[in-house]
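All values below come from the heavy atoms of this structure, side chains included, with hydrogens, waters and symmetry mates left out. Everything numeric in this text was worked out from a predicted model, so none of it was measured.
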Amino acid sequence: MSAAAAARKRGRSASEPGAGAGSGKRRRKADSAGDRGKSKGGCKMNEEISSDSESESLPPRRTEEEEEEEEQEETAQEKKLRLAKLYLEQLRQQEEEKAEARAFEEDQVAGRLKEDVLEQRGRLQKSVAKEIQAPAPADIRVLRGHQLSITCVVITPDDAAIFSAAKDCSIIKWSVESGRKLHVIPRAKKGAEGQPPGHSSHILCMAVSSDGKYLASGDRSKLILIWEAQGCRHLYTFTGHRDAVSGLAFRRGTHQLYSTSHDRSVKVWNVAENSYVETLFGHQDAVAALDALSRECCVTAGGRDGTVRVWKIPEESQLVFYGHQGSIDSIQLINEEHMVSGADDGSVALWGLSKKRPLALQREAHGLRGEPGLEQPFWVSSVAALLNTDLVATGSHSSCVRLWQCGEGFRRLDPLCDIPLVGFINSLKFSSSGDFLVAGVGQEHRLGRWWRIKEARNSICIIPLHRTSRPAAAGS
């Protein structure tokens, strides 16, 4: 065996038990050989090493100044973009707000137009009765100035003044705010010449024009006196009725005056021209009350003939309604198509012009009086309605004024609350705003002397009507 073969054999035998050590020696030799190649500047070795290095493949590093400049340039562009987006967003929000405002205004206009249409058709019924709170007795203001029982009260359209008349033949104008007397029209003596004009007998009814210019008053002497409402100066005297004048009403928006009388007739007058227009007949007994709104028609309570009538002036025709069993002494229009009436049988009725019978009839509205077994209902001596709402008030001599709520479609009458007042409630009127109710209280009934309540005081009572606050409803 040659010396070279023996050396290879020794190398294999040595690598078998320690292969890791031998490979480490060869790696170190290769590394040292590579170092020697680098020192000699071998081109091939340099190219192989640079191709295997990952650090050499990255782009060259930028300086901090370059990075800051680039960040500043990007921030300015982003700012311009952000401002542009913000401006566009503001424009969009403004347009949305304008659109909402326009829609809200359109809804308001549409709601108002709808109310106007319903009002013209006589079907408007605003719900306010549930909001009314019963006033405390201490909140009721009492105005005293008449010597005898109050027979009628009216309120000026601006709710600033009240006119009251009584069996003492006088008229007093009161300030609502202060409760003081503004003017007094005293009783006129019969047959006396050169005295100020006035009434010489019981005043039964009054009316104020819708513009607050004229006041009309009627008495048992068959006379209608026209006054300037502001200064209570006498203007005209209308004659023509053959018995006591029991009802007066101005047509809203005009100076056309309707009057009715115990002579069973209805007369039409033009106050602005101081002229008589025409007379209508139909009732079978003395007419007790009258009311009117904007249409060229009026409604009357027929007293003992037991009918309610609607008079269509241009057609000279009438509609007749039946429902009460007693004498119908008071009537009031709620809107152009509905009305409320009260009778001495103790009943209160709601009417619609499309039906000849009551839509709702509340019997014994103020309860019963008298000994057990001989009970009789309290007479309903006055009624009032807040225009175009569901709120109604009735008066009697049952020691209270009762407030009612009209149900949906005026087909139900539900009691709300009682307001304590002692005496005959001969007249009731709501203010135009609905903030207060005025009651004319007397010791006697306005049409006679069947009873006398000594505890009562002849007075004007201003009853505040407070409303509960409620959250605004969507679409209201």
Query raised in the report: Run the side-chain hydrogen bond (donor to acceptor under 3.5 Å, both in side chains) check on Ser261 and Asp243 step by step: do they pass?
Result: CA-CA 6 Å; Ser261 167; Asp243 206 336; 5.5 Å; no

Requested in this report: Could you check His234 against Thr237 for side-chain hydrogen bond (donor to acceptor under 3.5 Å, both in side chains), going step by step and ending with a plain yes or no?
Outcome: CA-CA 8 Å; His234 179 256; Thr237 298; 3.0 Å; yes

Query raised in the report: Is there a side chain to side chain contact (heavy atoms under 4.5 Å, CB included) between Val401 and Thr394 once you walk through the steps?
Result: CA-CA 6 Å; Val401 171; Thr394 59; over 6 Å; no

Requested in this report: Would you check, one step at a time, whether the test side-chain hydrogen bond (donor to acceptor under 3.5 Å, both in side chains) holds for Thr279 with Lys267?
Outcome: CA-CA 4 Å; Thr279 302; Lys267 291 185 181 293; 2.8 Å; yes

Query raised in the report: After noting the C-alpha distance and the side-chain angles of Ile155 and Phe436, does the key distance pass the side chain to side chain contact (heavy atoms under 4.5 Å, CB included) rule?
Result: CA-CA 11 Å; Ile155 308 173; Phe436 61 91; 4.0 Å; yes

**Report entry** side chain to side chain contact (heavy atoms under 4.5 Å, CB included) between Ile331 and Met339, worked out
**Finding:** CA-CA 7 Å; Ile331 194 164; Met339 50 194 170; 4.0 Å; yes

**Report entry** Stepwise salt bridge (charged side-chain N to carboxylate O under 4.0 Å, His left out) test for Arg295 and Glu337
**Finding:** CA-CA 10 Å; Arg295 292 181 181 174; Glu337 291 285 337; 2.8 Å; yes

Requested in this report: Quick one: do Glu444 and Lys167 satisfy salt bridge (charged side-chain N to carboxylate O under 4.0 Å, His left out)? Show the steps, please.
Outcome: CA-CA 10 Å; Glu444 301 171 348; Lys167 289 184 176 182; 3.1 Å; yes

Report task. Kindly determine whether Ile162 and Val154 satisfy side chain to side chain contact (heavy atoms under 4.5 Å, CB included), including the steps that lead there. Result -> CA-CA 6 Å; Ile162 300 168; Val154 291; over 6 Å; no

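In this structure, the separation between OG on Ser327 and CG on Asp344 is 5.0 Å, given to the nearest 0.5 Å. We find the CZ-CG distance between Arg264 and Leu280 to be 14.5 Å, quoted to the nearest 0.5 Å. Interatomic distance, Ser354 OG to Leu319 CG, rounded to the nearest 0.5 Å: 10.5 Å. Distance check: Ser396 OG to Arg369 CZ gives 8.5 Å after rounding to the nearest 0.5 Å. Here the straight-line distance linking atom NE2 of His202 with atom SG of Cys169 works out to 5.5 Å at 0.5 Å rounding. Note that the CD1 atom of Ile150 and the OG atom of Ser427 stand 9.5 Å from one another [nearest 0.5 Å].
When the shell of 6.0 Å around CZ of Arg92 is examined, it contains more than 12 heavy atoms from other residues, nucleotides or ligands. Surrounding CD of Glu375 are more than 12 heavy atoms belonging to other residues, nucleotides or ligands, all under 6.0 Å away. Residue Arg304 places its CZ atom among 12 or fewer non-hydrogen atoms of other residues, nucleotides or ligands, all under 6.0 Å distant. Within 6.0 Å of the CD atom in Glu408, the count of heavy atoms belonging to other residues, nucleotides or ligands does not exceed 12. By the neighbour-count criterion of 12 heavy atoms within 6.0 Å, atom CD of Glu96 is densely surrounded, having more than that number from other residues, nucleotides or ligands.
You'll find the side chain of Asn335 reaches within 4.5 Å of the side chain of Phe410, heavy atoms only. Under the 4.5 Å side-chain criterion, counting only non-hydrogen atoms from C-beta, Lys355 is not in contact with Phe321. The closest side-chain heavy-atom distance from Leu204 to Arg220 is below 4.5 Å. Residues Ile328 and Val308 form a side-chain contact, since some pair of their non-hydrogen atoms from C-beta on lies under 4.5 Å apart. A 4.5 Å side-chain heavy-atom check between Tyr236 and Ile224 finds every atom pair outside the cut-off. Contact check for Ile419 versus Leu403: side-chain heavy atoms found under the 4.5 Å cut-off. For the pair Cys406 and Arg412, the minimum side-chain heavy-atom distance is 4.5 Å or more. No side-chain heavy atom of Leu437 sits less than 4.5 Å from a side-chain heavy atom of Ser431.
Defined by atom type and a distance below 3.5 Å, a donor-acceptor pair is present between the side-chain atoms of His283 and Thr300. No hydrogens or angles considered: nothing links the side chains of Glu89 and Tyr87 as a donor-acceptor pair under 3.5 Å. Checked by atom type, the side-chain pair Ser275/Asn270 shows no donor-acceptor distance below 3.5 Å. Neither side chain, Gln405 nor Asp414, offers a donor N or O lying under 3.5 Å from an acceptor on the other. One side chain, Arg309 or Thr307, offers a donor N or O that lies under 3.5 Å from an acceptor on the other. Looking at Ser221 and His199, their side chains never bring a donor and an acceptor atom within 3.5 Å of each other.
Considering every non-hydrogen atom in both Arg467 and Val128, the closest pair reads NH1-CG1, 3.9 Å. Arg446 approaches Ser246 most closely through the heavy-atom pair NH1-O, 4.4 Å. For the residue pair Val266 and Cys298, the shortest heavy atom distance occurs at CG1-SG, 4.0 Å. Scanning both residues, Ala289 and Asp329, for their nearest heavy atoms gives CB-O, 3.7 Å. Residues Ser217 and Trp227 approach most closely at OG-NE1, 3.0 Å, considering heavy atoms. For the pair Ile171 and Ala165, the tightest heavy-atom approach, listed with the atom from each and the gap, is CG1-CB, 4.2 Å.
Gln318 places no side-chain N or O within donor-acceptor distance of the main-chain N or O of Val310, the cut-off being under 3.5 Å. Of the possible donor and acceptor atoms, none in the side chain of Lys429 sits under 3.5 Å from a partner among the backbone N and O of Ala385. In this structure, the side chain of Asn458 does not engage the main chain of Gly442 through any donor-acceptor pair within 3.5 Å. The closest donor-acceptor contact from the side chain of Ser200 to the backbone of Lys189 lies at 3.5 Å or more, if one exists at all. Under the 3.5 Å distance criterion, the side-chain polar atoms of Gln284 are matched with a main-chain donor or acceptor of Gly282. Of the possible polar contacts, one joining the Ser382 side chain to the Ile425 backbone as a donor-acceptor pair under 3.5 Å is found. A distance-only check finds a donor-acceptor pair linking the side chain of Asp159 to the backbone of Ser433 [under 3.5 Å].
The aromatic ring centres of His255 and Tyr214 sit less than 6.0 Å apart. Outside the 6.0 Å centre-distance limit, the rings of Trp174 and His183 are not counted as a close aromatic pair. With ring centers used as reference points, His445 lies under 6.0 Å from Trp379.
Just one residue in the list Lys222, His241, Arg242 forms a side-chain hydrogen bond (donor to acceptor under 3.5 Å, both in side chains) with Asp263, and that residue is His241.
Using bins of under 30°, 30° to 60° and over 60° for the plane-to-plane angle, the ring pair Trp269/Phe238 lands in the parallel bin. Using the six-membered ring where Trp is involved, Phe424 and Trp451 have ring planes that are parallel, under 30° apart on the 30 and 60° scheme.
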